[in-house]
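See below for the structure under consideration.
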Number of protein chains: 2
Amino acid sequence: MAAALPEPADRRQRRRQETIEEILDIALDVMAEHGVAGLSLGEVARRVGIRPPSLYGYFPSKQALYDAVFARGAGAILEAMSTSYPQVRDVQPLTAALLLAARRFTAWCLANPVYSQLLFWRPVPGFTPSDASYSAAVALVDLTRTWFADLRDAGLIRPDADLDLALRDWVVLTAGVISQQMANGPDEDVDTGRFTAALPNLIDMFAHTYGPADRPSPRSRRKGTDRVH
Amino acid sequence: MAAALPEPADRRQRRRQETIEEILDIALDVMAEHGVAGLSLGEVARRVGIRPPSLYGYFPSKQALYDAVFARGAGAILEAMSTSYPQVRDVQPLTAALLLAARRFTAWCLANPVYSQLLFWRPVPGFTPSDASYSAAVALVDLTRTWFADLRDAGLIRPDADLDLALRDWVVLTAGVISQQMANGPDEDVDTGRFTAALPNLIDMFAHTYGPADRPSPRSRRKGTDRVH
DNA sequence: GTCTATATGACGATAGAC
DNA sequence: GTCTATCGTCATATAGAC
(Lines give C-alpha, C1' and ligand atoms only; values in the text may rest on other atoms or scores of the structure.)
Protein backbone atom coordinates (compact mmCIF):
# COMPACT_ATOMS: atom_id res chain seq x y z
CA MET A 1 0.00 0.00 0.00
CA ALA A 2 2.50 2.62 1.18
CA ALA A 3 5.07 3.61 -1.44
CA ALA A 4 8.12 5.75 -0.81
CA LEU A 5 7.52 7.60 -4.03
CA PRO A 6 4.15 7.88 -5.71
CA GLU A 7 4.15 5.91 -8.90
CA PRO A 8 3.23 7.75 -12.07
CA ALA A 9 0.47 5.25 -12.76
CA ASP A 10 -1.16 6.02 -9.42
CA ARG A 11 -0.92 9.73 -9.92
CA ARG A 12 -2.38 9.38 -13.36
CA GLN A 13 -5.28 7.32 -12.07
CA ARG A 14 -5.92 9.69 -9.21
CA ARG A 15 -5.95 12.68 -11.50
CA ARG A 16 -8.27 10.83 -13.82
CA GLN A 17 -10.64 10.13 -10.96
CA GLU A 18 -10.55 13.77 -9.95
CA THR A 19 -11.45 14.77 -13.49
CA ILE A 20 -14.35 12.30 -13.47
CA GLU A 21 -15.63 13.78 -10.23
CA GLU A 22 -15.32 17.28 -11.66
CA ILE A 23 -17.29 16.27 -14.73
CA LEU A 24 -20.01 14.81 -12.51
CA ASP A 25 -20.12 17.97 -10.41
CA ILE A 26 -20.54 20.12 -13.46
CA ALA A 27 -23.06 17.78 -15.06
CA LEU A 28 -25.11 18.22 -11.91
CA ASP A 29 -24.88 22.00 -12.23
CA VAL A 30 -26.00 21.91 -15.83
CA MET A 31 -28.96 19.70 -14.97
CA ALA A 32 -29.91 22.03 -12.15
CA GLU A 33 -30.02 24.94 -14.59
CA HIS A 34 -31.41 23.33 -17.72
CA GLY A 35 -33.50 20.54 -16.23
CA VAL A 36 -32.49 16.93 -15.74
CA ALA A 37 -33.38 16.11 -19.33
CA GLY A 38 -31.53 19.20 -20.54
CA LEU A 39 -28.05 17.87 -19.94
CA SER A 40 -25.74 18.84 -22.79
CA LEU A 41 -22.28 17.38 -23.28
CA GLY A 42 -21.10 20.52 -25.05
CA GLU A 43 -22.14 22.66 -22.12
CA VAL A 44 -20.40 20.34 -19.67
CA ALA A 45 -17.22 20.34 -21.73
CA ARG A 46 -17.25 24.13 -21.98
CA ARG A 47 -17.43 24.48 -18.20
CA VAL A 48 -14.82 21.82 -17.54
CA GLY A 49 -12.54 23.66 -19.92
CA ILE A 50 -12.13 20.94 -22.50
CA ARG A 51 -13.62 20.14 -25.90
CA PRO A 52 -16.65 17.88 -26.20
CA PRO A 53 -14.74 14.95 -27.77
CA SER A 54 -12.45 14.83 -24.73
CA LEU A 55 -15.41 13.86 -22.57
CA TYR A 56 -15.50 10.55 -24.38
CA GLY A 57 -12.18 9.69 -22.76
CA TYR A 58 -14.08 9.48 -19.47
CA PHE A 59 -17.61 8.47 -20.43
CA PRO A 60 -18.34 6.42 -23.53
CA SER A 61 -21.75 8.02 -24.04
CA LYS A 62 -24.22 10.49 -22.63
CA GLN A 63 -26.15 7.60 -21.10
CA ALA A 64 -23.04 6.50 -19.23
CA LEU A 65 -22.75 9.99 -17.78
CA TYR A 66 -26.38 9.86 -16.65
CA ASP A 67 -25.73 6.47 -15.13
CA ALA A 68 -22.73 7.71 -13.18
CA VAL A 69 -24.75 10.62 -11.81
CA PHE A 70 -27.54 8.22 -10.87
CA ALA A 71 -25.11 5.94 -9.03
CA ARG A 72 -23.55 8.88 -7.27
CA GLY A 73 -26.91 10.17 -6.10
CA ALA A 74 -28.02 6.75 -4.91
CA GLY A 75 -24.80 6.36 -2.96
CA ALA A 76 -25.19 9.80 -1.41
CA ILE A 77 -28.75 9.33 -0.15
CA LEU A 78 -27.91 5.82 0.99
CA GLU A 79 -25.03 7.17 3.02
CA ALA A 80 -27.15 10.00 4.41
CA MET A 81 -29.84 7.64 5.63
CA SER A 82 -27.32 5.05 6.84
CA THR A 83 -26.15 7.77 9.18
CA SER A 84 -29.62 8.98 10.09
CA TYR A 85 -31.36 5.74 11.00
CA PRO A 86 -28.96 4.78 13.82
CA GLN A 87 -29.25 8.31 15.17
CA VAL A 88 -33.00 7.97 15.64
CA ARG A 89 -32.69 4.44 16.99
CA ASP A 90 -33.47 5.32 20.61
CA VAL A 91 -35.81 8.22 19.96
CA GLN A 92 -39.26 7.86 21.47
CA PRO A 93 -42.14 7.92 20.94
CA LEU A 94 -42.56 6.43 17.46
CA THR A 95 -43.85 9.67 16.02
CA ALA A 96 -40.69 11.50 17.06
CA ALA A 97 -38.43 8.89 15.47
CA LEU A 98 -40.45 8.82 12.27
CA LEU A 99 -40.58 12.58 12.05
CA LEU A 100 -36.84 12.92 12.50
CA ALA A 101 -36.07 10.36 9.81
CA ALA A 102 -38.66 11.77 7.42
CA ARG A 103 -37.29 15.26 7.87
CA ARG A 104 -33.76 14.06 7.17
CA PHE A 105 -34.88 12.32 4.03
CA THR A 106 -37.05 15.17 2.86
CA ALA A 107 -34.34 17.72 3.57
CA TRP A 108 -31.85 15.77 1.50
CA CYS A 109 -34.25 15.45 -1.41
CA LEU A 110 -35.14 19.14 -1.39
CA ALA A 111 -31.47 20.07 -1.14
CA ASN A 112 -30.62 17.74 -4.03
CA PRO A 113 -33.49 18.09 -6.47
CA VAL A 114 -31.50 16.89 -9.46
CA TYR A 115 -30.52 13.65 -7.78
CA SER A 116 -34.04 13.24 -6.46
CA GLN A 117 -35.68 13.67 -9.83
CA LEU A 118 -33.21 11.34 -11.52
CA LEU A 119 -33.56 8.72 -8.78
CA PHE A 120 -37.27 8.82 -8.05
CA TRP A 121 -38.94 10.08 -11.23
CA ARG A 122 -38.36 9.27 -14.92
CA PRO A 123 -37.44 12.61 -16.42
CA VAL A 124 -35.03 11.33 -19.10
CA PRO A 125 -36.87 9.49 -21.88
CA GLY A 126 -34.22 7.07 -23.09
CA PHE A 127 -32.35 6.56 -19.85
CA THR A 128 -32.54 3.45 -17.68
CA PRO A 129 -30.02 2.98 -14.90
CA SER A 130 -27.66 0.03 -15.18
CA ASP A 131 -28.17 -2.89 -12.81
CA ALA A 132 -25.15 -1.83 -10.80
CA SER A 133 -26.45 1.70 -10.34
CA TYR A 134 -29.99 0.58 -9.64
CA SER A 135 -28.83 -1.75 -6.90
CA ALA A 136 -27.78 1.26 -4.83
CA ALA A 137 -31.32 2.59 -5.06
CA VAL A 138 -32.68 -0.79 -3.99
CA ALA A 139 -30.28 -0.80 -1.06
CA LEU A 140 -32.00 2.34 0.23
CA VAL A 141 -35.34 0.55 0.41
CA ASP A 142 -33.70 -2.44 2.07
CA LEU A 143 -32.09 -0.14 4.59
CA THR A 144 -35.45 1.38 5.44
CA ARG A 145 -36.99 -2.07 5.80
CA THR A 146 -34.24 -3.01 8.26
CA TRP A 147 -34.91 0.17 10.18
CA PHE A 148 -38.59 -0.72 10.40
CA ALA A 149 -37.69 -4.18 11.65
CA ASP A 150 -35.58 -2.56 14.36
CA LEU A 151 -38.50 -0.35 15.30
CA ARG A 152 -40.72 -3.38 15.61
CA ASP A 153 -38.14 -5.25 17.69
CA ALA A 154 -37.92 -2.21 19.95
CA GLY A 155 -41.67 -2.32 20.47
CA LEU A 156 -42.32 0.96 18.66
CA ILE A 157 -44.16 -0.75 15.84
CA ARG A 158 -46.87 -3.23 16.82
CA PRO A 159 -45.61 -6.81 16.58
CA ASP A 160 -48.45 -7.99 14.34
CA ALA A 161 -47.91 -5.25 11.74
CA ASP A 162 -46.95 -6.29 8.22
CA LEU A 163 -43.60 -4.60 7.66
CA ASP A 164 -43.92 -4.65 3.89
CA LEU A 165 -47.26 -2.87 4.06
CA ALA A 166 -45.87 -0.39 6.55
CA LEU A 167 -42.87 0.21 4.30
CA ARG A 168 -45.08 0.71 1.28
CA ASP A 169 -47.33 3.17 3.10
CA TRP A 170 -44.30 4.99 4.43
CA VAL A 171 -42.74 5.31 1.00
CA VAL A 172 -45.98 6.61 -0.48
CA LEU A 173 -46.41 9.10 2.32
CA THR A 174 -42.93 10.57 2.11
CA ALA A 175 -43.02 10.51 -1.69
CA GLY A 176 -46.23 12.53 -1.59
CA VAL A 177 -44.73 15.23 0.58
CA ILE A 178 -41.54 15.41 -1.45
CA SER A 179 -43.16 15.39 -4.87
CA GLN A 180 -45.66 18.07 -3.92
CA GLN A 181 -43.01 20.21 -2.30
CA MET A 182 -40.61 19.88 -5.23
CA ALA A 183 -43.28 20.61 -7.80
CA ASN A 184 -45.10 23.43 -6.03
CA GLY A 185 -42.52 24.98 -3.76
CA PRO A 186 -39.06 24.02 -5.00
CA ASP A 187 -37.44 27.03 -3.34
CA GLU A 188 -38.84 26.30 0.11
CA ASP A 189 -36.94 24.01 2.45
CA VAL A 190 -38.06 21.40 4.93
CA ASP A 191 -38.67 24.03 7.62
CA THR A 192 -40.65 26.51 5.58
CA GLY A 193 -42.37 24.26 3.05
CA ARG A 194 -46.14 24.22 2.77
CA PHE A 195 -46.17 20.48 2.18
CA THR A 196 -43.34 19.40 4.46
CA ALA A 197 -45.50 21.01 7.14
CA ALA A 198 -47.89 18.10 6.65
CA LEU A 199 -45.36 15.59 7.93
CA PRO A 200 -46.31 15.70 11.64
CA ASN A 201 -49.96 15.20 10.84
CA LEU A 202 -49.36 12.39 8.37
CA ILE A 203 -46.95 10.68 10.72
CA ASP A 204 -49.54 10.80 13.48
CA MET A 205 -51.89 8.94 11.16
CA PHE A 206 -49.20 6.44 10.27
CA ALA A 207 -48.22 5.85 13.88
CA HIS A 208 -51.82 5.34 14.87
CA THR A 209 -52.05 2.52 12.37
CA TYR A 210 -48.70 0.86 12.89
CA GLY A 211 -47.77 1.97 16.41
CA PRO A 212 -48.25 -0.12 19.57
CA ALA A 213 -51.78 -0.73 20.76
CA ASP A 214 -51.47 1.17 24.02
CA ARG A 215 -50.78 4.45 22.29
CA PRO A 216 -53.19 7.25 23.19
CA SER A 217 -55.30 8.06 20.16
CA PRO A 218 -54.30 11.53 18.97
CA ARG A 219 -57.33 12.03 16.70
CA SER A 220 -57.39 15.03 14.44
CA ARG A 221 -55.37 18.13 14.78
CA ARG A 222 -57.92 20.86 15.13
CA LYS A 223 -57.98 24.23 13.47
CA GLY A 224 -54.88 26.30 14.06
CA THR A 225 -52.98 23.60 15.92
CA ASP A 226 -50.75 22.63 13.04
CA ARG A 227 -47.27 23.64 14.08
CA VAL A 228 -44.01 22.21 12.87
CA HIS A 229 -41.78 23.73 15.48
CA MET B 1 -76.84 32.08 -33.46
CA ALA B 2 -78.67 29.88 -35.98
CA ALA B 3 -77.85 30.60 -39.64
CA ALA B 4 -79.71 29.21 -42.60
CA LEU B 5 -76.49 28.66 -44.48
CA PRO B 6 -73.15 28.23 -42.78
CA GLU B 7 -71.00 31.21 -43.49
CA PRO B 8 -67.62 30.57 -45.00
CA ALA B 9 -66.00 32.33 -42.07
CA ASP B 10 -67.62 29.87 -39.68
CA ARG B 11 -66.56 26.88 -41.68
CA ARG B 12 -63.05 28.23 -41.87
CA GLN B 13 -62.93 28.79 -38.16
CA ARG B 14 -64.34 25.36 -37.43
CA ARG B 15 -61.82 23.67 -39.67
CA ARG B 16 -59.10 25.70 -38.05
CA GLN B 17 -60.23 24.52 -34.62
CA GLU B 18 -60.26 20.95 -35.84
CA THR B 19 -56.68 21.32 -37.04
CA ILE B 20 -55.69 22.77 -33.67
CA GLU B 21 -57.24 19.80 -31.91
CA GLU B 22 -55.44 17.41 -34.24
CA ILE B 23 -52.14 19.11 -33.54
CA LEU B 24 -52.76 18.79 -29.80
CA ASP B 25 -53.66 15.12 -30.17
CA ILE B 26 -50.47 14.43 -32.05
CA ALA B 27 -48.35 16.52 -29.70
CA LEU B 28 -49.68 14.32 -26.91
CA ASP B 29 -48.67 11.22 -28.84
CA VAL B 30 -45.17 12.54 -29.44
CA MET B 31 -44.76 13.39 -25.76
CA ALA B 32 -45.95 9.93 -24.79
CA GLU B 33 -43.25 8.38 -26.97
CA HIS B 34 -40.36 10.79 -26.49
CA GLY B 35 -41.06 12.09 -23.02
CA VAL B 36 -42.87 15.29 -22.08
CA ALA B 37 -39.68 17.30 -22.54
CA GLY B 38 -38.98 15.55 -25.84
CA LEU B 39 -41.69 17.31 -27.82
CA SER B 40 -40.41 18.23 -31.28
CA LEU B 41 -42.28 20.52 -33.64
CA GLY B 42 -40.77 18.82 -36.65
CA GLU B 43 -42.06 15.47 -35.52
CA VAL B 44 -45.51 16.90 -34.88
CA ALA B 45 -45.58 18.53 -38.29
CA ARG B 46 -44.48 15.32 -39.98
CA ARG B 47 -47.34 13.38 -38.41
CA VAL B 48 -49.92 16.06 -39.10
CA GLY B 49 -48.82 15.99 -42.71
CA ILE B 50 -47.60 19.56 -42.98
CA ARG B 51 -44.24 21.32 -42.85
CA PRO B 52 -42.89 22.68 -39.59
CA PRO B 53 -43.36 26.35 -40.51
CA SER B 54 -47.06 25.75 -41.02
CA LEU B 55 -47.46 24.97 -37.34
CA TYR B 56 -46.72 28.59 -36.63
CA GLY B 57 -50.01 29.47 -38.23
CA TYR B 58 -51.67 27.81 -35.24
CA PHE B 59 -49.24 28.25 -32.39
CA PRO B 60 -46.81 31.17 -32.23
CA SER B 61 -44.17 29.15 -30.38
CA LYS B 62 -43.38 25.82 -28.86
CA GLN B 63 -44.23 27.24 -25.45
CA ALA B 64 -47.68 28.17 -26.69
CA LEU B 65 -48.18 24.58 -27.79
CA TYR B 66 -47.15 23.34 -24.35
CA ASP B 67 -49.50 25.82 -22.79
CA ALA B 68 -52.41 24.65 -24.90
CA VAL B 69 -51.73 21.03 -23.93
CA PHE B 70 -51.52 22.08 -20.29
CA ALA B 71 -54.86 23.89 -20.49
CA ARG B 72 -56.46 20.94 -22.24
CA GLY B 73 -55.24 18.53 -19.59
CA ALA B 74 -56.39 20.76 -16.76
CA GLY B 75 -59.81 21.05 -18.35
CA ALA B 76 -60.05 17.30 -18.81
CA ILE B 77 -59.23 16.34 -15.23
CA LEU B 78 -61.42 19.15 -13.95
CA GLU B 79 -64.31 17.80 -15.97
CA ALA B 80 -63.60 14.24 -14.85
CA MET B 81 -63.67 15.17 -11.19
CA SER B 82 -66.63 17.53 -11.61
CA THR B 83 -68.52 14.45 -12.69
CA SER B 84 -67.06 12.20 -10.02
CA TYR B 85 -67.61 14.26 -6.90
CA PRO B 86 -71.41 14.51 -7.21
CA GLN B 87 -71.52 10.76 -7.88
CA VAL B 88 -69.92 9.97 -4.52
CA ARG B 89 -72.00 12.58 -2.74
CA ASP B 90 -74.26 10.17 -0.93
CA VAL B 91 -71.81 7.30 -0.53
CA GLN B 92 -71.21 6.18 3.03
CA PRO B 93 -69.17 5.68 5.08
CA LEU B 94 -66.51 8.32 4.56
CA THR B 95 -63.86 5.77 3.61
CA ALA B 96 -66.01 4.47 0.77
CA ALA B 97 -66.59 7.95 -0.63
CA LEU B 98 -62.92 8.88 -0.35
CA LEU B 99 -61.78 5.64 -1.91
CA LEU B 100 -64.12 6.03 -4.86
CA ALA B 101 -62.99 9.56 -5.56
CA ALA B 102 -59.33 8.72 -5.09
CA ARG B 103 -59.60 5.78 -7.46
CA ARG B 104 -61.26 7.96 -10.09
CA PHE B 105 -58.54 10.54 -9.81
CA THR B 106 -55.73 7.99 -9.76
CA ALA B 107 -57.19 6.10 -12.68
CA TRP B 108 -57.35 9.27 -14.76
CA CYS B 109 -53.77 10.19 -13.93
CA LEU B 110 -52.44 6.74 -14.76
CA ALA B 111 -54.42 6.68 -17.98
CA ASN B 112 -53.11 10.14 -18.92
CA PRO B 113 -49.48 10.16 -17.83
CA VAL B 114 -48.45 12.95 -20.20
CA TYR B 115 -51.10 15.31 -18.89
CA SER B 116 -50.32 14.28 -15.34
CA GLN B 117 -46.62 14.92 -15.64
CA LEU B 118 -47.16 18.24 -17.35
CA LEU B 119 -49.78 19.32 -14.81
CA PHE B 120 -48.29 18.05 -11.56
CA TRP B 121 -44.55 17.88 -12.13
CA ARG B 122 -42.11 20.27 -13.83
CA PRO B 123 -40.60 18.17 -16.58
CA VAL B 124 -40.07 20.98 -19.11
CA PRO B 125 -37.25 23.31 -18.05
CA GLY B 126 -38.30 26.59 -19.64
CA PHE B 127 -42.05 26.14 -19.52
CA THR B 128 -44.41 27.90 -17.14
CA PRO B 129 -48.13 27.76 -17.78
CA SER B 130 -49.89 31.02 -18.53
CA ASP B 131 -52.20 32.46 -15.91
CA ALA B 132 -55.22 31.42 -17.92
CA SER B 133 -54.06 27.82 -18.16
CA TYR B 134 -52.96 27.66 -14.57
CA SER B 135 -56.34 28.84 -13.36
CA ALA B 136 -57.87 25.61 -14.60
CA ALA B 137 -55.45 23.69 -12.40
CA VAL B 138 -56.35 25.88 -9.45
CA ALA B 139 -60.02 25.26 -10.14
CA LEU B 140 -59.40 21.56 -9.52
CA VAL B 141 -58.14 22.26 -6.03
CA ASP B 142 -61.05 24.59 -5.39
CA LEU B 143 -63.43 21.90 -6.57
CA THR B 144 -61.93 19.41 -4.15
CA ARG B 145 -62.20 21.93 -1.33
CA THR B 146 -65.87 22.40 -2.10
CA TRP B 147 -66.31 18.62 -2.06
CA PHE B 148 -64.68 18.47 1.35
CA ALA B 149 -66.98 21.20 2.59
CA ASP B 150 -69.93 19.16 1.38
CA LEU B 151 -68.58 16.12 3.21
CA ARG B 152 -68.32 18.15 6.37
CA ASP B 153 -71.82 19.51 5.97
CA ALA B 154 -73.05 15.96 5.50
CA GLY B 155 -71.46 14.95 8.78
CA LEU B 156 -68.88 12.67 7.15
CA ILE B 157 -65.99 14.93 8.13
CA ARG B 158 -65.87 16.05 11.75
CA PRO B 159 -67.23 19.60 12.15
CA ASP B 160 -64.14 20.90 13.94
CA ALA B 161 -61.72 19.70 11.27
CA ASP B 162 -59.65 22.31 9.44
CA LEU B 163 -60.65 21.85 5.82
CA ASP B 164 -57.46 23.38 4.48
CA LEU B 165 -55.35 20.97 6.47
CA ALA B 166 -57.51 18.08 5.40
CA LEU B 167 -57.22 19.19 1.79
CA ARG B 168 -53.44 19.48 2.06
CA ASP B 169 -53.10 16.03 3.61
CA TRP B 170 -55.43 14.60 1.00
CA VAL B 171 -53.45 16.12 -1.85
CA VAL B 172 -50.17 14.82 -0.43
CA LEU B 173 -51.60 11.38 0.08
CA THR B 174 -53.00 10.99 -3.43
CA ALA B 175 -49.91 12.60 -4.94
CA GLY B 176 -47.75 10.03 -3.17
CA VAL B 177 -49.69 7.12 -4.58
CA ILE B 178 -49.75 8.55 -8.07
CA SER B 179 -46.12 9.62 -8.22
CA GLN B 180 -44.88 6.27 -6.93
CA GLN B 181 -47.15 4.35 -9.26
CA MET B 182 -46.18 6.42 -12.29
CA ALA B 183 -42.47 6.21 -11.55
CA ASN B 184 -42.24 2.58 -10.49
CA GLY B 185 -45.11 0.89 -12.26
CA PRO B 186 -46.23 3.06 -15.17
CA ASP B 187 -47.74 0.12 -17.02
CA GLU B 188 -49.93 -1.02 -14.13
CA ASP B 189 -53.39 0.44 -13.69
CA VAL B 190 -55.39 1.44 -10.65
CA ASP B 191 -56.58 -2.13 -10.11
CA THR B 192 -53.27 -3.93 -10.43
CA GLY B 193 -50.83 -1.29 -9.17
CA ARG B 194 -48.54 -2.03 -6.26
CA PHE B 195 -48.96 1.51 -4.93
CA THR B 196 -52.58 2.17 -5.77
CA ALA B 197 -53.17 -0.88 -3.56
CA ALA B 198 -52.14 1.32 -0.65
CA LEU B 199 -55.16 3.59 -1.10
CA PRO B 200 -57.59 1.73 1.21
CA ASN B 201 -55.07 1.64 4.01
CA LEU B 202 -54.07 5.28 3.63
CA ILE B 203 -57.68 6.36 3.42
CA ASP B 204 -58.45 4.52 6.64
CA MET B 205 -55.73 6.55 8.31
CA PHE B 206 -57.08 9.75 6.80
CA ALA B 207 -60.65 8.98 7.80
CA HIS B 208 -59.59 8.18 11.32
CA THR B 209 -58.12 11.64 11.64
CA TYR B 210 -60.76 13.66 9.86
CA GLY B 211 -63.82 11.46 10.15
CA PRO B 212 -66.59 11.89 12.74
CA ALA B 213 -65.73 11.12 16.35
CA ASP B 214 -68.12 8.19 16.75
CA ARG B 215 -66.37 6.17 14.08
CA PRO B 216 -65.10 2.80 15.27
CA SER B 217 -61.32 2.87 15.35
CA PRO B 218 -60.09 0.56 12.60
CA ARG B 219 -56.51 0.35 13.83
CA SER B 220 -53.96 -1.38 11.69
CA ARG B 221 -54.65 -3.76 8.91
CA ARG B 222 -52.89 -6.91 9.99
CA LYS B 223 -50.74 -9.18 7.88
CA GLY B 224 -52.48 -10.47 4.81
CA THR B 225 -55.59 -8.39 5.24
CA ASP B 226 -54.72 -5.85 2.57
CA ARG B 227 -57.31 -6.31 -0.14
CA VAL B 228 -58.44 -3.82 -2.71
CA HIS B 229 -61.43 -5.72 -3.93
C1' DG C 1 -52.79 28.66 -45.24
C1' DT C 2 -49.24 26.23 -46.85
C1' DC C 3 -45.32 26.06 -49.10
C1' DT C 4 -39.90 26.48 -50.22
C1' DA C 5 -35.91 28.27 -48.69
C1' DT C 6 -33.09 29.64 -45.28
C1' DA C 7 -31.11 31.58 -40.98
C1' DT C 8 -28.83 30.00 -37.14
C1' DG C 9 -27.40 27.00 -34.09
C1' DA C 10 -27.25 22.93 -31.20
C1' DC C 11 -26.65 18.20 -30.62
C1' DG C 12 -24.07 13.43 -29.93
C1' DA C 13 -20.48 11.06 -31.72
C1' DT C 14 -16.22 9.61 -34.56
C1' DA C 15 -11.56 9.89 -37.07
C1' DG C 16 -7.17 10.83 -36.83
C1' DA C 17 -3.16 14.14 -35.90
C1' DC C 18 -0.17 15.52 -32.17
C1' DG D 1 -5.30 12.72 -23.33
C1' DT D 2 -6.52 16.39 -25.81
C1' DC D 3 -6.97 18.47 -29.78
C1' DT D 4 -9.04 20.00 -34.72
C1' DA D 5 -12.10 18.84 -38.04
C1' DT D 6 -16.09 16.97 -39.36
C1' DC D 7 -20.11 14.01 -39.91
C1' DG D 8 -24.96 13.71 -39.92
C1' DT D 9 -28.93 15.02 -37.78
C1' DC D 10 -31.91 17.67 -35.59
C1' DA D 11 -33.93 21.82 -33.64
C1' DT D 12 -36.88 26.50 -33.47
C1' DA D 13 -38.04 30.14 -36.01
C1' DT D 14 -38.52 33.66 -39.97
C1' DA D 15 -39.07 35.61 -44.89
C1' DG D 16 -41.49 35.71 -48.69
C1' DA D 17 -43.65 33.32 -52.91
C1' DC D 18 -47.96 31.16 -54.34
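Each chain gets a letter, A, B and so on, in the order its sequence line appears, and its residues count up from 1. This structure is a prediction, so every number in the text was calculated from the model and none was measured. Both backbone and side-chain heavy atoms feed into the values below; hydrogens, waters and symmetry mates do not.
- Summarising the geometry, the separation between CG on Leu41(B) and P on dG9(C) is reported as 19 Å, rounded to the nearest angstrom.
- Residue Leu65(A) is out of contact with every strand shown, counting any heavy-atom pair closer than 4.0 Å.
- Note on Tyr58(A): a side-chain N or O is less than 4.0 Å away from OP1 or OP2 of dT2(D).
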Could you give me the CA-CA distance, side-chain angles and deciding distance for Gln13(A) and Gln17(A), then say whether side chain to side chain donor-acceptor pair (under 3.5 Å) is met? CA-CA 6 Å; Gln13(A) 199 156 0; Gln17(A) 192 56 40; over 6 Å; no

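- Between Phe70(A) and Tyr66(A), the ring centre distance reaches or exceeds 6.0 Å.
- Tyr85(A) and Thr144(A) form a side-chain donor-acceptor contact under 3.5 Å, judged by distance and modelled atom types alone.
- Look at CZ on Arg16(B): it is 9 Å from P on dT2(C), rounded to the nearest Å.
- The side chain of Tyr56(A) sits closest to dA13(C) out of dA13(C), dG1(D), dA13(D).
- Separating the CG atom of Leu55(A) from the P atom of dT2(D) is a distance of 10 Å, rounded to the nearest angstrom.
- In this structure, Leu39(B) atom CG and dA11(D) atom P are separated by 10 Å, rounded to whole Å.
- By the neighbour-count criterion of 12 heavy atoms within 6.0 Å, atom CD of Gln87(B) is densely surrounded, having more than that number from other residues, nucleotides or ligands.
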Can Tyr210(B) and Asp162(B) be said to form a side chain to side chain donor-acceptor pair (under 3.5 Å), step by step? CA-CA 9 Å; Tyr210(B) 291 107; Asp162(B) 186 323; over 6 Å; no

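- To the nearest angstrom, C1' of dC3(D) lies 11 Å from CD1 of Ile50(A).
- One atom, CZ of Phe127(B), and another, P of dT12(D), lie 15 Å apart when rounded to the nearest Å.
- Note on Gly57(B): nothing from the nucleic acid sits closer than 4.0 angstrom, heavy atoms only.
- For Pro53(A), the side-chain atoms get nearest to dA13(C) when compared with the rest of dA13(D), dG1(D), dA13(C).
- Side-chain atoms of Arg51(A) lie closest to dC3(D) of the nucleotides dC3(C), dA13(C), dC3(D).
- Residue Ile23(A) contributes atom CD1, which lies 11 Å from atom P of dG1(D) at whole-angstrom precision.
- In this structure, Tyr66(B) atom OH and dA11(D) atom C1' are separated by 12 Å, rounded to whole Å.
- Distance from the side chain of Lys62(A) is smallest for dA13(C) among the nucleotides dT14(D), dA13(C), dG1(D).
- A close approach under 4.0 Å does occur between a side-chain nitrogen or oxygen of Ser40(A) and OP1 or OP2 of dC11(C).
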